[in-house]
Visitor: 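The following block contains the structure, expressed as structure tokens.
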Amino acid sequence: MEQLHYDIARHDDEVYVELSGVLDLATRPTFTEIADDVLGRDRRRVVFDLSALDFMDSTGIVELIRAARRAEQGGIPVRFIGPKGGAARRTADVVGLERILGWDSPAEA
């Protein structure tokens with residue numbers, strides 16, 4: 001079973017959440033816990049870095065949109081960095097997730 005890995009770094013003015021692996025139905029609870037943590041307790045800007053995601057399904061897309069809406073409703077500035085490539089990027093491109101979330105392009109390796 002694929003997993004969602006994450007690293008959370010809290011700085012003075014932002015919380016940086018780096019995600020890697022898989023964001024799908026099976027890993028939804030992990031992402032929800034992460035989003036609840038950073039959006040529920042921090043009032044700083046939150047950055048979700050998706051550049052290392054390998055795969056994302058429709059459940060993952062819905063959860064990212066929910067996190068963006070929750071941040072907006074809570075007055076928390078949020079920024080997304082899109083996936084670099086692979087299946088995660090293709091899925092995001094098919095549904096127009098970049099347009100929905102307004103993310104930054106990942107740095108080219």
Side-chain angles (χ1 to χ4, degrees):
M1 178 166 79
E2 297 288 332
Q3 294 184 357
L4 177 66
H5 304 280
Y6 64 94
D7 185 41
I8 300 173
R10 288 178 165 84
H11 305 285
D12 290 337
D13 61 345
E14 79 177 12
V15 179
Y16 190 87
V17 181
E18 183 178 17
L19 302 172
S20 62
V22 174
L23 180 55
D24 64 2
L25 180 62
T27 62
R28 177 182 175 259
T30 301
F31 179 77
T32 301
E33 185 177 314
I34 295 164
D36 286 350
D37 176 46
V38 298
L39 296 173
R41 119 170 112 132
D42 288 297
R43 304 317 285 172
R44 298 171 270 193
R45 177 172 67 149
V46 176
V47 177
F48 289 100
D49 184 346
L50 315 174
S51 62
L53 278 181
D54 298 319
F55 178 80
M56 174 173 41
D57 71 0
S58 60
T59 303
I61 290 168
V62 167
E63 290 307 312
L64 291 171
I65 293 169
R66 283 185 180 158
R69 287 187 178 151
R70 181 173 176 191
E72 181 180 344
Q73 290 170 350
I76 301 168
V78 67
R79 182 170 69 99
F80 291 87
I81 299 171
K84 276 189 181 179
R89 183 61 186 227
R90 286 190 300 276
T91 301
D93 287 347
V94 165
V95 299
L97 193 59
E98 180 176 6
R99 180 182 45 80
I100 295 166
L101 298 178
W103 67 37
D104 297 333
S105 294
E108 296 300 320

Visitor: Between R44 and D12, what is the shortest heavy-atom contact and its length?
Guide: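 Smallest interatomic distance, heavy atoms only, reads CD-O, 3.3 Å.
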
Visitor: Give me each pair satisfying ring pair (Phe, Tyr, Trp, His ring centres under 6.0 Å) with a member in residues 81-102, each pair once, sequence neighbours excluded.
Guide: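 Listed by first then second residue: nothing to list.
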
Visitor: What distance do R79 atom CZ and Y16 atom OH have between them, rounded to the nearest 0.5 Å?
Guide: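 Reported to 0.5 Å precision, the distance equals 7.0 Å.
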
Visitor: Determine whether V78 and V62 fall in the same hydrophobic cluster, where Ile, Leu, Val, Met, Phe, Trp and Tyr are linked whenever their side-chain heavy atoms lie under 4.5 Å apart.
Guide: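 The answer is no; the residues belong to distinct hydrophobic clusters.
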
Visitor: Closest approach of T59 and D57, non-hydrogen atoms and distance?
Guide: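 Closest approach of T59 to D57: N-OD1, 2.9 Å.
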
Visitor: Atom NE2 of H5 and atom CG of L53: how far apart are they, to the nearest 0.5 Å?
Guide: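 Spacing of NE2 (H5) from CG (L53) equals 10.5 Å.
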
Visitor: Nearest 0.5 Å please: distance from the CZ atom of R45 over to the CG atom of D13.
Guide: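 Going from the CZ atom of R45 to the CG atom of D13 covers 6.5 Å.
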
Visitor: Would you call L64 and M56 a side-chain contact if the rule is heavy atoms closer than 4.5 Å?
Guide: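 When only atoms from C-beta onward are counted, M56 and L64 do touch, with a gap below 4.5 Å.
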
Visitor: Quick one: salt bridge (charged side-chain N to carboxylate O under 4.0 Å, His left out) partners of R70, sequence neighbours excluded?
Guide: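 By the salt bridge (charged side-chain N to carboxylate O under 4.0 Å, His left out) rule, R70 matches D36.
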
Visitor: State plainly whether one hydrophobic cluster holds both F80 and I8, where clusters connect Ile, Leu, Val, Met, Phe, Trp and Tyr through side-chain heavy atoms under 4.5 angstrom apart.
Guide: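 Yes, it is one cluster - the side chains of F80 and I8 are joined through contacts under 4.5 Å.
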
Visitor: Can you tell me if CZ on F31 sees more than 12 non-hydrogen neighbours from other groups inside 6.0 Å?
Guide: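 Yes, CZ of F31 has more than 12 neighbouring heavy atoms, counting only those of other groups under 6.0 Å.
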
Visitor: With clusters defined by side-chain heavy atoms of hydrophobic residues (ILVMFWY) lying less than 4.5 Å apart, directly or transitively, does V15 cluster with I81?
Guide: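 In one cluster: no.
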
Visitor: Kindly compute the distance separating CG (D104) from CG (D49), expressed to the nearest 0.5 Å.
Guide: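 Here the rounded value is 10.0 Å.
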
Visitor: Output yes when D37 and R10 qualify as a salt bridge under the 4.0 Å nitrogen-oxygen rule, no when they do not.
Guide: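 Salt bridge flag = yes for R10 with D37.
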
Visitor: Kindly work out whether a path of hydrophobic side-chain contacts (I/L/V/M/F/W/Y, heavy atoms less than 4.5 Å apart) joins L19 to I76.
Guide: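 In one cluster with L19: I76, yes.
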
Visitor: Thinking salt bridges, do R69 and E72 make one under a 4.0 Å N-O criterion?
Guide: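 Not counted as a salt bridge, because no side-chain N and carboxylate O are separated by less than 4.0 Å.
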
Visitor: For the residue pair L97 and T91, establish whether any side-chain heavy-atom pair is separated by less than 4.5 Å.
Guide: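 The answer is no, as the side chains (C-beta and beyond) never meet within the 4.5 Å cut-off.
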
Visitor: Taking side chain as C-beta onward, heavy atoms only, is L50 less than 4.5 Å from W103?
Guide: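 The answer is yes; the side chains approach within 4.5 Å.
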
Visitor: Test of understanding: clusters of I, L, V, M, F, W, Y form through side-chain heavy atoms closer than 4.5 Å, transitively. Do F48 and I100 belong to the same one?
Guide: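 Yes: a chain of side-chain contacts under 4.5 Å links F48 to I100.
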
Visitor: Within the 4.5 Å heavy-atom criterion, are E98 and R89 side-chain neighbours or not?
Guide: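 E98 vs R89: side chains touch.
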
